[in-house]
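Structure first, commentary second.
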There are 2 protein chains.
Amino acid sequence: MSSGDESDRVFKALSAAIRRDILDALKDRPQTTGELCARFPALDRCTVMQHLRVLEGADLVIVKREGRERWNHLNPLPIKHIYDRWIGAYAGRAVEVLDRLKTDLEG
Amino acid sequence: MSSGDESDRVFKALSAAIRRDILDALKDRPQTTGELCARFPALDRCTVMQHLRVLEGADLVIVKREGRERWNHLNPLPIKHIYDRWIGAYAGRAVEVLDRLKTDLEG
DNA sequence: TTGACATGTTATGTTTTTATAACATGATGG
DNA sequence: CCATCATGTTATAAAAACATAACATGTCAA
C-alpha cells in the first residue's frame, strides 16, 4: 500500500490550493505569520494559521520564533521524498506512454 | 497562484491513501471495477466506485466499457504535469538544501 | 509599566468528503 | 426469454476539513 503516515500527511497538506500558495510564497524567503496573512487578504488570520499548522504537521513548514514574531520557513524535503518514492515512477511511466504514442504516430 | 482547476483536481484525488492504492493497483494492467473491489475488501463496492469517479474526474483513470464490464486504465500524464509544473521545482530545491548541508558539514 | 502589536487558543458553524444502503439498468448465457 | 451478474444511480448518515469569532498570551517600545 502506498501510504506511509508521513507521506500521507504531505499529500493531504498539498491537497488544498491555499496551502500550495502559501508554500509558493515561502519559496523565495521565510516570512512571518503576519506577512503571510497580509499576502492572503481574502482569508481570515485564523484560517491562515490553521493552514500553517497543517503544513507544519507535514513538516513542510519549519517554524522559528524570534521575540514576538514567528518565522515560517519552507522545507522542501518531504516533497522530494514523495517524489522519490511515488511520483517519479508515474512521471517516468507517463514519458513511456508519450514515447510509445509518438512512435505509433511516426510508424 | 499555484492552482489551476485541473491540477487542483489531481492534488485532491491524490490526497486519499485509498485512491493512491487504486492507482498502484492499476499500474501493472487495467482492471475491471469488480476486480478492484475484490482487491479492497475492507471497502464497500459503492465506496470504491465513488473513489474511481474522483480519479476519473482528475483524468487519472480512463474508462473503457466492454459489454457489461468497465475497464479502468491508469493515465499517468496528469501526475507528470503536476510534477513538471510544480513538484520538480521543490524537489530541485530540496537537493540544493541537501547539497548545502553536505558542504557545510564537510567545511 | 502600560498600551499596542504579533501571535496563539478554544469553540463553533458550514461545507466537503467518505462510506453505505437501497434500488435500477443492461448485457450475457443457458 | 429470463435469471444472473457486473455495473450504475440516488439518497443519506457520519466524519473530516475549512473558515471564523471571541478570547488569551507574551513581547516590544515609549
Side-chain angles (χ1 to χ4, degrees), chain A residues 1-3 5-26 29-73, chain B residues 1-3 5-23 25-26 29-74:
Chain A
M1 303 295 162
S2 78
S3 54
D5 226 39
E6 175 205 335
S7 58
D8 195 54
R9 262 195 291 273
V10 179
F11 273 112
K12 277 249 159 49
L14 295 181
S15 71
I18 172 66
R19 287 196 288 263
R20 296 196 300 279
D21 291 340
I22 291 177
L23 292 182
D24 277 336
L26 294 178
R29 59 177 185 81
Q31 285 178 61
T32 67
T33 306
E35 284 177 304
L36 285 174
C37 290
R39 199 135 171 175
F40 300 100
L43 289 182
D44 194 87
R45 186 180 57 89
C46 302
T47 307
V48 173
M49 284 184 51
Q50 213 170 32
H51 286 303
L52 281 174
R53 224 171 300 145
V54 174
L55 290 169
E56 205 185 343
D59 202 31
L60 285 164
V61 163
I62 293 173
V63 173
K64 289 179 181 152
R65 323 199 83 255
E66 275 180 29
R68 63 179 161 179
E69 287 179 332
R70 166 191 157 129
W71 286 91
N72 304 280
H73 296 249
Chain B
M1 303 294 162
S2 80
S3 54
D5 227 40
E6 174 205 336
S7 57
D8 194 56
R9 263 194 290 274
V10 178
F11 274 111
K12 278 248 158 51
L14 295 181
S15 70
I18 171 66
R19 287 196 288 263
R20 297 196 300 278
D21 291 340
I22 290 177
L23 291 182
L26 295 178
R29 59 177 186 82
Q31 284 177 62
T32 67
T33 305
E35 284 176 305
L36 285 174
C37 291
R39 199 136 171 175
F40 300 100
L43 289 182
D44 193 87
R45 186 180 58 88
C46 302
T47 306
V48 173
M49 282 184 55
Q50 214 170 31
H51 286 302
L52 281 174
R53 224 172 300 144
V54 174
L55 289 168
E56 205 185 343
D59 203 32
L60 285 163
V61 163
I62 293 173
V63 174
K64 290 181 181 152
R65 323 200 83 255
E66 274 180 30
R68 62 177 164 180
E69 286 178 332
R70 166 190 156 130
W71 287 91
N72 304 280
H73 296 249
L74 167 67

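All figures in this text were calculated on a predicted structure; none of them were measured in a lab. A note on names: the letters A, B, ... follow the listed sequences, proteins ahead of strands, and every chain is numbered from 1.
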Is it true that a side-chain atom of B:N72 and a backbone atom of B:V63 form a donor plus acceptor pair closer than 3.5 Å?
no
Could you tell me how far apart [X] ([atom1]) and [N] ([atom2]) are, to the nearest whole angstrom?
{"X": "A:L14", "N": "D:dA17", "atom1": "CG", "atom2": "C1'", "answer": "16 Å"}
{"X": "A:L43", "N": "D:dA17", "atom1": "CG", "atom2": "P", "answer": "18 Å"}
{"X": "A:Q50", "N": "D:dA19", "atom1": "CD", "atom2": "P", "answer": "8 Å"}
{"X": "A:F40", "N": "D:dA19", "atom1": "CZ", "atom2": "C1'", "answer": "15 Å"}
{"X": "B:D44", "N": "D:dT12", "atom1": "CG", "atom2": "C1'", "answer": "14 Å"}
{"X": "A:K12", "N": "D:dA16", "atom1": "NZ", "atom2": "P", "answer": "10 Å"}
{"X": "A:I18", "N": "D:dA17", "atom1": "CD1", "atom2": "P", "answer": "17 Å"}
{"X": "B:E35", "N": "D:dC5", "atom1": "CD", "atom2": "P", "answer": "17 Å"}

Pair B:R20 + A:D8, salt bridge at N-O below 4.0 Å
yes
Answer yes or no: is there an ion pair linking B:E56 with B:R70, defined by an N-O contact shorter than 4.0 Å?
yes
So the salt bridge (charged side-chain N to carboxylate O under 4.0 Å, His left out) pairs with at least one residue in residues 44-53 of chain A (sequence neighbours excluded) are none
Side chain proximity check, [X] to [Y], heavy atoms < 4.5 angstrom:
{"X": "B:R19", "Y": "B:L14", "result": "no"}
{"X": "A:T47", "Y": "A:F40", "result": "no"}
{"X": "B:V54", "Y": "B:L60", "result": "no"}
{"X": "A:L36", "Y": "A:L26", "result": "yes"}
{"X": "B:H51", "Y": "B:I22", "result": "yes"}

Check DNA chain D against residues 56-65 of chain B and give the residues with a non-hydrogen atom under 4.0 Å, in numerical order.
B:R65
Is the distance from OP1 or OP2 of [N] to the nearest side-chain N or O of [X] less than 4.0 Å?
{"X": "A:H51", "N": "D:dA19", "answer": "yes"}
{"X": "A:T47", "N": "D:dC18", "answer": "no"}
{"X": "A:R19", "N": "D:dA17", "answer": "no"}

Quick check for you: name the first and last nucleotides of DNA chain C, 5' to 3', having an atom under 4.0 Å from a heavy atom of chain B.
C:dT17 to C:dT28
For A:E35, enumerate each residue passing the salt bridge (Lys or Arg N to Asp or Glu O under 4.0 Å) test, keeping only those at least two apart in sequence or located in another chain.
A:R29
Atom pair CZ (B:R65) and OG1 (B:T32), whose distance is rounded to the nearest 0.5 Å
11.5 Å
Exercise: identify the closest heavy-atom pair between [X] and [Y]:
{"X": "B:W71", "Y": "B:P30", "value": "CZ3-O, 3.5 Å"}
{"X": "A:S15", "Y": "B:K12", "value": "O-NZ, 3.5 Å"}
{"X": "B:V10", "Y": "B:A58", "value": "CG2-O, 3.8 Å"}

Per-nucleotide protein contact along nucleotides 25-30 of chain D, 5' to 3', at a 4.0 Å heavy-atom cut-off (B base, S sugar-phosphate only, - neither), is --BS--
Strand DNA chain D in bracket notation, Watson-Crick/G-U under 3.5 Å with | for pairs to another chain
||||||||||||||||||||||||||||||
